[in-house]
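First comes the structure, then the notes that go with it.
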Number of protein chains: 2
Amino acid sequence: MDVKTLCLGVLSLGPASGYEIKKVLEGPLGSFFDASYGSIYPALARLAEGGLVSVEEKPQERRPDKKIYTITSRGRITLASALEKRPGRDRVRSDFAATMLFADLLSPRELATCLDDRIAHHRAALQRLEAGRADPAVWGGGEITAGMRFVADLGMAQHRAALDFLESQRHVVEAAALRKTGQAAD
Amino acid sequence: MDVKTLCLGVLSLGPASGYEIKKVLEGPLGSFFDASYGSIYPALARLAEGGLVSVEEKPQERRPDKKIYTITSRGRITLASALEKRPGRDRVRSDFAATMLFADLLSPRELATCLDDRIAHHRAALQRLEAGRADPAVWGGGEITAGMRFVADLGMAQHRAALDFLESQRHVVEAAALRKTGQAAD
DNA sequence: GAAACCATGTAAGTTGTTACATGATTGG
DNA sequence: CCAATCATGTAACAACTTACATGGTTTC
């Protein structure tokens, strides 16, 4: 799913500016999506060209005009047909997992930091999701759909699983790294 | 973490060909990484150019020569310093999550198929991980390191969490889609 | 007074995907 | 006999990231 479709999706929940779309995408749902301004703004321009969204320019003082994008009926149709195709596989690239995979090459100190960071990361994500579940402001201000809640809950389940695992099992990989270092120091 | 570093990492576990590296990366660990031949082969060529790996060509009959890559000491140093930097955030793009997010736009039939597929996907991933935990052949044949086992277990925890969630909670989003359709049909 | 937020956009560069090219072998 | 596996590679293309350009406002 490319950024264009993603933007169209967010706009299906209500009108928004590029800036706001980015907010939604890096909010509680950030664990599933990822898009930078450098991809969002051009995507919106393409969508407007194609008539899938309409733009209303809100003049602002001492600031670039805010452009509010609204999905058109053609946009809704396009989105619907994009969603009809069964979703492709997730594409994930986890630096953390790669680092853990080669954990033997890290010093125990580095490994510990890495695990600490990751645990903090999952904690933060959980908190954001928990907050977002209740507070519409975190999303875009619009109503929270069943789909949103479902995705948020799925995210929470996964973050919690990772968190529990790391907290209870980190000693396994840390012990292995320690042994390795002990050997090297001999 | 780019494909070059990923290849270097796999090679740190033992010599392998490009084809075998792909196998490892799409094996049980496939949920965390992703790389196509089109990125692996050029990456290996660059690594060889830089002297981070050495190549031994095994002539094969009626088949392209098999090239066995072996990490060099310079390669190990490079890998180690790449791992020292604290890992960047995961980059995830989940088509499935996006589809669920806009689940109201799907017919109940499509939604059900989508959820069925996803559940099957998690089941399969779990099975592969379970098998790989015991069987070194699934990885590259070399020894299974503590890091590998750790990552595999983390993957299992996450897949299991997602699976449990989807099985027990799918009715929530399905009910919502059904209501929507009911309204539209009126 | 510094940092973060608001707000948009472009251009250069990196990276990776897809499709193509080639073709024997093995298992169901 | 059809599909999958083994085996490497290139070229065209698509997509995205990063850095740059601009600059007022709010919060600590």
Side-chain angles (χ1 to χ4, degrees), chain A residues 1-8 15-27 30 32-49 53 55-69 82 88-95 98 137-138 140-141, chain B residues 1-8 11 15-27 30 33-49 53 55-69 82 88-95 98 137-138 140-141:
Chain A
M1 184 150 309
D2 54 15
V3 177
K4 253 163 76 177
T5 313
L6 223 46
C7 287
L8 213 48
S17 66
Y19 191 83
E20 288 162 350
I21 290 174
K22 174 92 200 293
K23 283 280 115 89
V24 173
L25 256 22
E26 73 185 4
F32 294 111
F33 315 107
D34 205 5
S36 60
Y37 289 123
S39 59
I40 291 173
Y41 286 122
L44 287 170
R46 293 303 92 64
L47 288 172
E49 275 171 27
V53 301
V55 202
E56 191 196 353
E57 247 163 298
K58 297 254 179 187
Q60 308 218 123
E61 279 164 41
R62 309 167 222 278
R63 208 169 274 200
D65 292 356
K66 191 172 183 171
K67 293 187 178 177
I68 305 290
Y69 293 89
R89 1 188 258 14
D90 294 2
R91 27 197 65 216
V92 179
R93 178 152 301 169
S94 172
D95 258 34
V138 186
Chain B
M1 185 149 312
D2 56 16
V3 177
K4 252 163 76 178
T5 313
L6 223 45
C7 287
L8 214 47
L11 291 175
S17 66
Y19 191 81
E20 287 162 350
I21 290 174
K22 174 90 201 291
K23 284 279 116 88
V24 173
L25 255 25
E26 74 186 2
F33 314 107
D34 204 4
S36 59
Y37 289 123
S39 59
I40 290 173
Y41 286 122
L44 288 170
R46 293 301 94 63
L47 289 172
E49 274 172 28
V53 301
V55 202
E56 191 196 353
E57 247 164 296
K58 296 252 181 191
Q60 307 219 126
E61 279 165 39
R62 308 169 222 278
R63 209 168 272 197
D65 291 357
K66 192 171 182 172
K67 294 188 178 176
I68 306 291
Y69 293 89
R89 2 189 255 19
D90 293 2
R91 30 198 59 215
V92 179
R93 177 150 302 168
S94 172
D95 259 33
V138 186

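We name chains A, B, ... by the order of the sequence lines, and we start the count at 1 in each one. These numbers were taken from a predicted model, which means no experiment stands behind them.
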I need the B:C7 SG to B:L25 CG distance, nearest 0.5 Å.
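Taking SG in B:C7 and CG in B:L25, the distance rounds to 7.0 Å.
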Looking at CG of A:D2 and OG1 of A:T5, how far apart are the two atoms once the value is rounded to the nearest 0.5 Å?
4.0 Å
Atom-to-atom span, [atom1] of [X] to [atom2] of [N] - whole angstrom:
X	N	atom1	atom2	value
A:K58	C:dC6	NZ	C1'	16 Å
A:R46	C:dT10	CZ	P	8 Å
B:L47	C:dT15	CG	P	13 Å
B:K22	C:dG16	NZ	P	14 Å
A:E26	C:dA7	CD	C1'	14 Å
B:L25	C:dT17	CG	P	11 Å

Taking only side-chain N and O atoms of A:K23, does any of them lie within less than 4.0 angstrom of OP1 or OP2 on C:dA7?
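Answer no for this pair, as no side-chain N or O of A:K23 is under 4.0 Å from OP1 or OP2.
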Check residues 34-43 of chain B and write down every donor-acceptor pair under 3.5 Å in which the side-chain atom is one partner and the other belongs to a residue at least two apart or another chain.
{"residue": "B:D34", "atom": "OD1", "partner": "A:R89", "partner atom": "NH2", "Å": "3.2"}
{"residue": "B:S39", "atom": "OG", "partner": "B:S36", "partner atom": "N", "Å": "3.3"}
{"residue": "B:S39", "atom": "OG", "partner": "B:S36", "partner atom": "O", "Å": "2.9"}

Test A:E20 against A:K23 for salt bridge (charged side-chain N to carboxylate O under 4.0 Å, His left out), laying out the working first.
CA-CA 5 Å; A:E20 288 162 350; A:K23 283 280 115 89; over 6 Å; no
With side chain to side chain contact (heavy atoms under 4.5 Å, CB included) as the test, would you mind laying out the steps for B:L6 and B:F33 before giving the verdict?
CA-CA 9 Å; B:L6 223 45; B:F33 314 107; 4.0 Å; yes
Treat primed atoms plus P, OP1 and OP2 as sugar-phosphate and everything else as base, then score nucleotides 7-16 of chain D 5' to 3': B for base contact with protein heavy atoms under 4.0 Å, S for sugar-phosphate contact only, - for none.
BBBB-----S
Partner residues of A:D65 under the side chain to side chain contact (heavy atoms under 4.5 Å, CB included) criterion, sequence neighbours left out:
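Only A:E57, A:P59 meet the side chain to side chain contact (heavy atoms under 4.5 Å, CB included) criterion with A:D65.
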